[in-house]
Each structure stands twice: as C-alpha cells, then as structure tokens.
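Since the structure comes first, as structure tokens, the remarks are kept for the end.
Owing to the predicted nature of the structure, the values given are computational and were not obtained by experimental measurement.
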Amino acid sequence: MNDFDPKIIAALISAVVTVFMFIASSIVKSIWDKHFHNFKLKADHKYEQRKKIKEAISKHKVRLMDSSESLNHRLWNFSDNCDKKWHKLRDDKTINELYYLESFTYRFLSFFAWCRKIEKEMVYLDSTISDSEDLEFIKYLKIFPQMFCDTALFDGHEYDASHATDHFFKDDFLHMVDSLITDEGVITYSEFKKKSNSAEYTKMVNYIDGVSDEKACLKWHSLSLFHFVLMAFLTKFGYDFQQTSKDKLKLLSGKIPENILANNLSRILERNHLNKTSEIKSVLKVVKSA
C-alpha cells in the first residue's frame, strides 16, 4: 500500500508541471502583453508627435528661410550704412516715404511672424520629444525673441527693466508680430505698406530709429548679436548659399565695435542649451574675441 506505481507518480508530476507552466505562462504573457502594449503606445505616440512636428516645421520652413535671408541682407547693409542715418525718422516725411526704415521694420517683423507661425502650428504638439535637429530648430525659435525681450542681455549695465527703452515688453512685441500673421501665412510688404503708419507699429519703428548711427547704444549691440545668431541659424538650416563662412563672420566682427553684451549672450544661449552647437560656437568665438 505504501508503494506507488511509478507510472502514476510520473503522470502526477507531469500534470503538476503542466498546470504550473500553464499558470506561469499565463502570468508572464499577461505581464508581457501589458508592458509591450504600453511600450507600443509610447513608441507610436513618439513617432506620431515627431512626424507632426516635422510637418509643422517643413510647412513654413522655406518661407522662414527666405525671410531670414532677407533680414540677414538688411543687417549686413545696416552694419555698413548705419552712419548714413537711412534708418532715422524725418519730420518732413511719413514712414511710407522712408523706404529703408519701412522695409527694415517689415523685414524684422515678418521674420518673427514666420517664427510665430511655425510655433502656432506646434501649439498642441509635444516638442520636448522632437528629434535632435528639430529640437535645435525649435530652440532657435525660442531664443530669437528673447534677444529683444529678455533684459538679462543687459545685466551689468544698470538698465532699468521696468521701462522698455532698449527692449520690448514681450506681449507688446508679440502683438506687433501677430498682426502680420494671416491664415495663409504672413502679409506681404505691399500689404504692410498700407498700414505701416499705424500706431501698433510705432514701438518697432521707434526702436529702429533709436539705434545710434555711431553704433554705441544697447539697441545696436542687441541687434548686432541677433544678426550673428541669425547667421548661425541660416548656416545650420538654410540652403548652402545662405550660409555664412567663419571668414565672413570675422569680416563683419572686424568692422563693427566690440560688443559689450557678448558675455551675456553666451549665458542666455547656455541657459537655452544652444551654446554647444558648432554654428553657435563659431559665432561666440568671433563676437567675444572682437
């Protein structure tokens, strides 16, 4: 009676093992399916977000690059001709009669309008999971307005940030920029001319008019640093013919005054994690060694 049939024992062991394996595999499968499902959801979400971000950028990128190039040309011209006072208001003329100032105002605002247009396309997208190149592009879009609205650029120069003397209050700045944006894109220069004398653009017109023709004011230094960052942006994301060589950067730096805000720009770029790109490094090397 104490002896069991080996065949029965083997059958019992086999049954127990089968039941155990069935239960274990069911548990493992349940855990695996749950984690794989979550992984797939995250992967699909990341892929879709990145795809939509690329689509949002590419939708207006060419127009932004064209606008960047146009503004870049004007800033090169301004560096050479600031002393001629073409950018100054005149009592005997309306802004419609001052092509240089009017077109300068338009090129400046339209550039930021295209930047805003792209940002608005991404308003419901999670840009934090962009791929590295798109994320760098977005960082440029973020830092451009900071160079005219963030008074950290004037640290160490006893600047009163409570008065928009050499900077813009951000909401005022964005209001001017947004006024150029349409459902299709950004208004043309011809359309802008019809309302350039409007009071809503007075702050921008006065800002450009207020740049010292001797290149010795905070506005000049801000605008000049912006120009260098703009060239870095074009070099990274523009066509090959829109790129600026290191020699041209040095050429520009050599014919303008030493920029007293260069160290502050370096800190702002570092704060925005944009200081380690090759294009920005080239720019910082030039503006800080001038």
| task | Determine the minimum heavy-atom distance between Ala232 and Ile280, stating which atoms define it. | result | CB-CD1, 3.9 Å
| query | Lys170 and Cys149: which non-hydrogen atoms are nearest, and at how many Å? | reply | CA-SG, 3.9 Å
Do [X] and [Y] touch side chain to side chain, with heavy atoms closer than 4.5 Å?
{"X": "Leu180", "Y": "Glu191", "value": "no"}
{"X": "Met65", "Y": "Trp114", "value": "no"}
{"X": "Tyr201", "Y": "Ser179", "value": "yes"}
{"X": "Tyr140", "Y": "Phe237", "value": "yes"}

| said: Parallel, tilted or perpendicular: which one describes the rings of Phe233 and Phe137, with boundaries at 30° and 60°? | reply: tilted
Compute whether any side-chain donor of one residue and acceptor of the other, for [X] and [Y], lie under 3.5 angstrom apart.
{"X": "Arg74", "Y": "Asn77", "answer": "no"}
{"X": "Asn96", "Y": "Ser196", "answer": "yes"}
{"X": "Asp209", "Y": "His87", "answer": "no"}

| message | Check Lys54 with Asp134, please: is the shortest side-chain N to carboxylate O separation under 4.0 Å? | response | yes
| query | Between Asp80 and Lys255, is there a side-chain N and carboxylate O pair less than 4.0 Å apart? | reply | yes
| request: Mind checking the NZ-NE2 spacing from Lys215 to His221? Nearest 0.5 Å is all I need. | output: 11.0 Å
| If only atom types and distance count, is the side chain of Lys203 paired as donor or acceptor with the main-chain N or O of Phe168 below 3.5 Å? | no
| query | When you measure from the side chain of Thr235 to the backbone N and O of Met231, does any donor-acceptor pair fall under 3.5 Å? | reply | yes
| request: Return yes when atom CD of Glu214 has more than 12 non-hydrogen atoms of other residues, nucleotides or ligands closer than 6.0 Å, and no otherwise. | output: no
| said: Are there over 12 heavy-atom neighbours, none belonging to Lys52, within less than 6.0 Å of that residue's NZ? | reply: no
| Residue of the set Phe111, Phe108, Phe173 for which ring-ring contact (aromatic ring centres under 6.0 Å, His included) holds with Phe144 | Phe111
| Of the options Phe104, Phe78, Tyr99, Tyr100, which is the one that meets Trp86 in a ring-ring contact (aromatic ring centres under 6.0 Å, His included)? | Tyr100
| Test ring pair (Phe, Tyr, Trp, His ring centres under 6.0 Å) applied to Tyr47 - qualifying residues, sequence neighbours left out | none
Please table the atom pairs, donor to acceptor, closer than 3.5 Å between any side-chain atom in residues 151-163 and protein atoms at least two apart or in another chain.
residue : atom : partner : partner atom : Å
His157  : NE2  : Ile260  : O            : 3.3
Tyr159  : OH   : His163  : O            : 3.3
Tyr159  : OH   : Thr165  : N            : 3.1
Tyr159  : OH   : Asp166  : N            : 2.7
Tyr159  : OH   : His167  : N            : 3.3
Tyr159  : OH   : His167  : ND1          : 2.7
Asp160  : OD1  : Ser162  : N            : 3.0
Asp160  : OD1  : Ser162  : OG           : 2.5
Asp160  : OD2  : Ser162  : OG           : 3.3
Asp160  : OD2  : His163  : ND1          : 2.9

| task | Give every residue pair that meets the salt bridge (Lys or Arg N to Asp or Glu O under 4.0 Å) criterion with at least one member in residues 114-123, sequence neighbours excluded. | result | Lys59-Glu121, Arg116-Asp178, Glu119-Lys142
